[in-house]
Amino acid sequence: MADHVSTEGHGATDLKVDLSSYRTKALLVGIGGLALFGIAAGAMVATNAIPTKQIFASYSVGFMYWVAVTLGALFFLSLQYLSGGKWGILMRRPFEAATRCFPLLILFFIPVAGSFFAGKNSPYPWAEFYDHIQHETNEELKKEELESDYGRRVVEYSNPTFSLVRAIGIFVILGGIIFVLNSTARKAEENPDENAAADARARQKVWGSWGIILYALCGMVLITDWVMSYEKFFASSMFPLIFHANAMLSSFALALLVLIGLRNTALKGIYHPSEQIHLGSFMLAMALFWVYTTYSQFMLVWAGNLPEELGYPLKRASEGWKPIWYVLLGLRFFLAFGLLLFREVKSNAKAMRIISIGLMCMVGVDIFNWIEPTFDRSQMGYAPYWLLDIGAIVGLGGIWVWYFLGQLSKYPVLPVREIYLLKGHHDEQH
Amino acid sequence: MATTATIRPHVEPQPPAIGGNHNLTTVTETISRLSLDPKAHGKPWMITFGLGTLGVLLFLYTVTYLIWMGPGIWGLNIPTAWGFAIINFVWWIGIGHAGTLISAILLLVHQRWRTSINRFAEAMTIFAVMCAGIFPLLHTGRPWLAYWLYPFPNNFAMWPQFRSPLAWDVFAVSTYFTVSLVFWYVGLIPDFATLRDVAKNKLQKRIYGALSLGWTGSAFNWRRYEKVYLILAGISTPLVFSVHSIVSFDFAVSIVPLWHATIFPPFFVIGAIYSGFAMVLVLGIPMRKWYKLEDFITDWHLDCSAKVMLASGMMVSFGYLCEVWFAWYSHSAVEWESTVLRVWSGPYAWSYWALIACNFVIPQVLWIKKMRYNMTVLFLISIVVLIGMWFERYVIVITLTREYLPSMWARYAPTHHDWFIYIGTFGIFFSLFALFVRFVPVISITEMRELLPKHAGGQDGHAIAEGPP
C-alpha cells in the first residue's frame, strides 16, 4: 500500500512503500538465527565443547557487525547533511532509517555489558584480570600485578564499571545526535512553512558536522573498548579507521541494496543506472580504503616486530586462520576492485546487488577475523563455534532488518523537497 | 491509511563557476593576455620575482658552501641526524599534494570548482616537489652521486637497500614528479595552441607553436586529448595516496617512540592535502586580486578550497588525538613518557602547542561563512596552517632528541645555514611560480571555455569531445 505524497512541480509521486512482507521474512530469519545461536551454544556448552566465554565472543561478532552498519549510516547521513551532495539524496532515507535502529543496539548491548562482569567467563582479558585480582589473596603478588603496565590500564581504564560507564556515555551521545538529526530532517522535509523548513535545513548542516565529529570520537573509544581490548597488549591507532572503513562499506552496501530493491517500484524513473554508476564508484573507493588501512596496519606492525603488537598479525597469519586473509584479500579487494572498475558492472542492478551482498558478508568475515583468532583454540575447543558467530550475525541482523524496514516504510523513500537535484528532475526544474 | 501532503521543493541556486558576462572571446583574451603581454604584469610580479631571485641567490651561496664544507654546517647531530632536511622535505612534498588532488581526483568526481584553480595548483605541485627533492639530495652529503639511489649494474656492487622506505621514496617521488609533469603538460597542449593562434609576436608564435605539438583542434585531437587526460587522472589518483604514505613509512617502520604509529599513512596524506590547499589559497588569493581574475577564481572557488582545508584540518586534529589516546591506552611506558615530553614537560613542548594552535584552534574560524568569504582572513589562516604543518613535521623530527635511553638524549637547533637553505627553496618556488605566471596560462583556457554556459558558446561544463550537452 502506497501512501500519497504530492510534490508541487513534480506531480503526484508514490514515495511511501509497503515493506510488511519483507519485514515478516526478516523477523523469521532473525528468529531462526537466534535459534541457531541458542541451540548451538546450549549444545556445545552442555557437552563442554566450548567454554562460556566463546558464547560471549561469538555474540560480540554479531553485535559489532550491526554496530558497524548503524554507525556507518550515521556517518553518511551526517556527511550528506553537511555537504548536501547529490549522491546522498537517494540514500538519505535508508541512512536515516538505519540510524533509527540505534535503540536496538542498546538492547543488543545488554549481553556484551554482561560479559564485562562475567569474570573468568568473560572473553575480555581485562575483565578476567580484574576478577582474578579481586580474588587474589597473596597481597604481594596482587600489588605486583596491579603495578604492571597491564594492571595499571585495567585499574585506570579497562575495568568493568568504567567500561560500562563509557558505553552508556557513547549510547547517550550517539543516540542524542541521531535523534537530533532525524528530528531536524522531519522539520526540513515536512514543515509546510518554507521559512521554518529553510531554518531546519541550515541546522542540518550544523548537526551534520557534529554528527561526523561525534561519530569519529565515539567510534575511536568504542572500537578500543569493545574490540581492540580483546587483545591484551595490542594498541593500533589505525584500528578506528579500519572500523570506520567497515562501517561505511556495510551501511553503504545496505543502502544500495534498498535502492536496487525499490528501483522498479517507488524509485521508478528516479533511480537511473547513471546514479548507480556513481554509487558503485563510491563503493570502489571504500573497498580501496579498507585495503589501504588494513595493509598499512599489517605492514607497519610486521616491520616494527615489537612483541606487544606482533601477536595480532601473527595469530591471524598462522595456519588455520590464513584462509580468512585470502578470502578477504581475494573477494573483498581484488574481486570487488576488478568488478567495480567497469561501468557495465556498476550500471547492472543484478550485479551490484550481488556485489553489495558479497561486500556485506566480507565485512562480517573481517569482524570475525578481529575477534575469533584472539583465542587459543587449544583452550577454547575445536567445536564448530563459528555456527554461533553466524547465528549471532543473522539473528541480530534479522531483528535489525525487521526494525529497519519498519522505519524505512514510515516516511517517503526520498526527500521530496530535494529530488529535483536528481537527473530528470533537474531538467524539469530548469 | 493514506496520507496526503503538499510539499514545495526548495531550489538552492548553484553558485556560478564563472562570474561576469564572459564569452569564448573574453575568456581567451583575459587569460592569454597574461602570457602574451608583458604589460599585464606590474609591480607585484616584479617584487615576487625579485624576492624569489634573491632567495635563489641565497640558496646557491649556501649550497656552494655546503658542498664545500659538508652537511656538518647544518645543526645535525646524533640522535637528530635528519633535522631540517627531512622536515622541509616532508613539508614541501605535502604542499605538492593538493595540485594532483585538485587536478586528478576532483576531475574524476566531476567537481566543477576545480577548473579555475587546477592549472596553478599543478604548477605548484611540480615546483614544490622540486624543492622537496633538494633536501634529501643535499642530505646525502654527496649529491653528485645521487644516481646511486637507483639500482644499476656497477663494479662496486652498490645496490639500494630495498627494505628501507628511504629507497621507496626515491621511486615514489620520482614517479610522482614525472606523472605530475606529464599531466600538467598534456593539459596545457590545447592552451599552448590557443596562445600560438592569438599571439601577434613571431617568436611567441614559434615557441607556443612548438609547445603545442602540432595541435589542430580537430575532433580527432580532442578525442585523443580527453582520453589521455582521463587516463593520466586515473594514474595520478593512487599516486596522491602512495607518495605521502611512503613518506610516512620513513618514520613509521622504525621503532622510535611516537614514530611507530600505524595511523601515520592516512595521517600524512590528509596533512599533505591540508597544507597543499593552504598553499593554493596563499597563491590564489593575491593572484586573482593582482590580475583581476575574480570572475574566474570566484569567492565560491575559494570557499570550496577553505572547506576542504577545514575538513582536512579536522581529520589531522583527529590524528593528533589518536596519537595521544593510543599512547595512553597502550600503557607502554616509553610511548606515554615520550608523549608527556612532547606535549608537556619536554624542551620542545612549545612547538607542539604551536602546531595545535595553528592546525586546530585558529582554523576553527573557517566554520563561519563570513570568514571564508573574507579574503584577508582566509589568506592569513592559510599562512597559519602552512606554519602549523611545518611545526607538525618539526615536532615529529625532534622526537629523536628524547629516545629510549636518557644517555641518548640531546638538543637540536638549526644553524643559520639550515634556515638559508629553507628560505632559498622559497626563492626557487616563488621565482619559478612567477615565471609560470608570466609565460603559461595560469587558468586552463580550454576548461574555462567548456565551463561557459551554452548561450555564451560554452559546453555547460561538459568536455568538448563529448559534443554539445
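Note: hydrogens, waters and symmetry copies are ignored here, and every other heavy atom, side chains too, is used. Protein chains get the first letters and strands the later ones, always in sequence-line order, with residue 1 at the start of each.
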| query | For the residue pair A/Met220 and B/Cys322, what are the closest heavy atoms and their distance? | reply | SD-SG, 3.6 Å
| query | Considering only heavy atoms, which portion of A/Ile213 lies under 4.5 Å from any heavy atom of chain B: side chain, backbone, both, or neither? | reply | side chain
| Toward chain B, the part of A/Thr224 with a non-hydrogen atom under 4.5 Å | both
| Do A/Trp126 and B/Tyr329 have ring centroids that are under 6.0 Å from one another? | no
| task | Can you measure from CG (A/Leu300) to OG (B/Ser248) and round to the nearest 0.5 angstrom? | result | 6.5 Å
| request: Test A/Ile212 against B/Met314 for side chain to side chain contact (heavy atoms under 4.5 Å, CB included), laying out the working first. | output: CA-CA 10 Å; A/Ile212 294 173; B/Met314 292 302 284; over 6 Å; no
| said: Can you tell me which portion of A/Phe289 sits under 4.5 Å from chain B's heavy atoms? Options are side chain, backbone, both or neither. | reply: neither
| Reported NE2-to-OH distance for the pair B/His331 and A/Tyr157, which is rounded to 0.5 angstrom | 10.5 Å
| field | Heavy-atom neighbours of A/Tyr295 OH exceed 12 at 6.0 Å | value | no
| said: For the backbone of B/Glu323 and the side chain of A/Ser237, can you confirm whether one donor and one acceptor N or O come within less than 3.5 Å of each other? | reply: no
| field | Atom pair CD/OG of A/Glu309 and B/Ser330 - distance to nearest 0.5 Å | value | 9.5 Å
| message | For B/Trp82, is the CH2 atom crowded, meaning more than 12 foreign heavy atoms sit under 6.0 Å from it? | response | yes
| Under a 4.5 Å heavy-atom cut-off, does chain A meet the side chain of B/Val269, its backbone, both or neither? | side chain
| Can you find a pair of side-chain heavy atoms, one from A/Leu217 and one from B/Leu321, that are under 4.5 Å apart? | yes
| Within the side chain of B/Thr262, is there an N or O that forms a donor-acceptor pair under 3.5 Å with the backbone of A/Met238? | yes
| remark: Cut-off 4.5 Å, heavy atoms of chain A, and the answer for B/Trp328 is side chain
| request: Measure the spacing between OH of A/Tyr292 and OG of B/Ser245 and express it to the nearest 0.5 Å. | output: 2.5 Å
| query | With only heavy atoms counted, which part of A/Ser158 is less than 4.5 Å from chain B, the side chain, the backbone, both or neither? | reply | side chain
| field | Criterion side chain to side chain contact (heavy atoms under 4.5 Å, CB included) on B/Phe318 and A/Leu241, from CA distance to verdict | value | CA-CA 11 Å; B/Phe318 178 66; A/Leu241 294 192; 4.2 Å; yes
| task | Apply the test ring-ring contact (aromatic ring centres under 6.0 Å, His included) to residues B/Trp325 and A/Phe239: give CA-CA distance (whole Å), side-chain angles for both, the deciding distance (0.1 Å), then the verdict. | result | CA-CA 12 Å; B/Trp325 170 262; A/Phe239 210 76; over 10 Å; no
| Per-residue contact mode, A/Met228 against chain B (heavy atom under 4.5 angstrom) | both
| request: Check the surroundings of atom OH in B/Tyr373: do more than 12 heavy atoms from other residues, nucleotides or ligands lie under 6.0 Å from it? | output: yes
| note | Of the listed B/Arg163, B/His260, B/Met315, the one with the largest count of heavy-atom pairs under 4.5 Å with chain A is B/His260
| note | If you tally heavy-atom pairs under 4.5 Å between each of B/Pro238, B/Ala252, B/Ser332 and chain A, the highest tally belongs to B/Ala252
| field | Where B/Ala333 and A/Asp149 come nearest, the two heavy atoms and their spacing | value | N-OD2, 4.2 Å
| said: Is it the case that over 12 heavy atoms from other parts of the model lie below 6.0 angstrom from the CZ atom of A/Arg343? | reply: no
| field | Atom pair NZ/NZ of A/Lys205 and B/Lys369 - distance to nearest 0.5 Å | value | 8.5 Å
| query | Between B/Trp367 and A/Ser209, is any pair of side-chain heavy atoms under 4.5 Å apart? | reply | yes
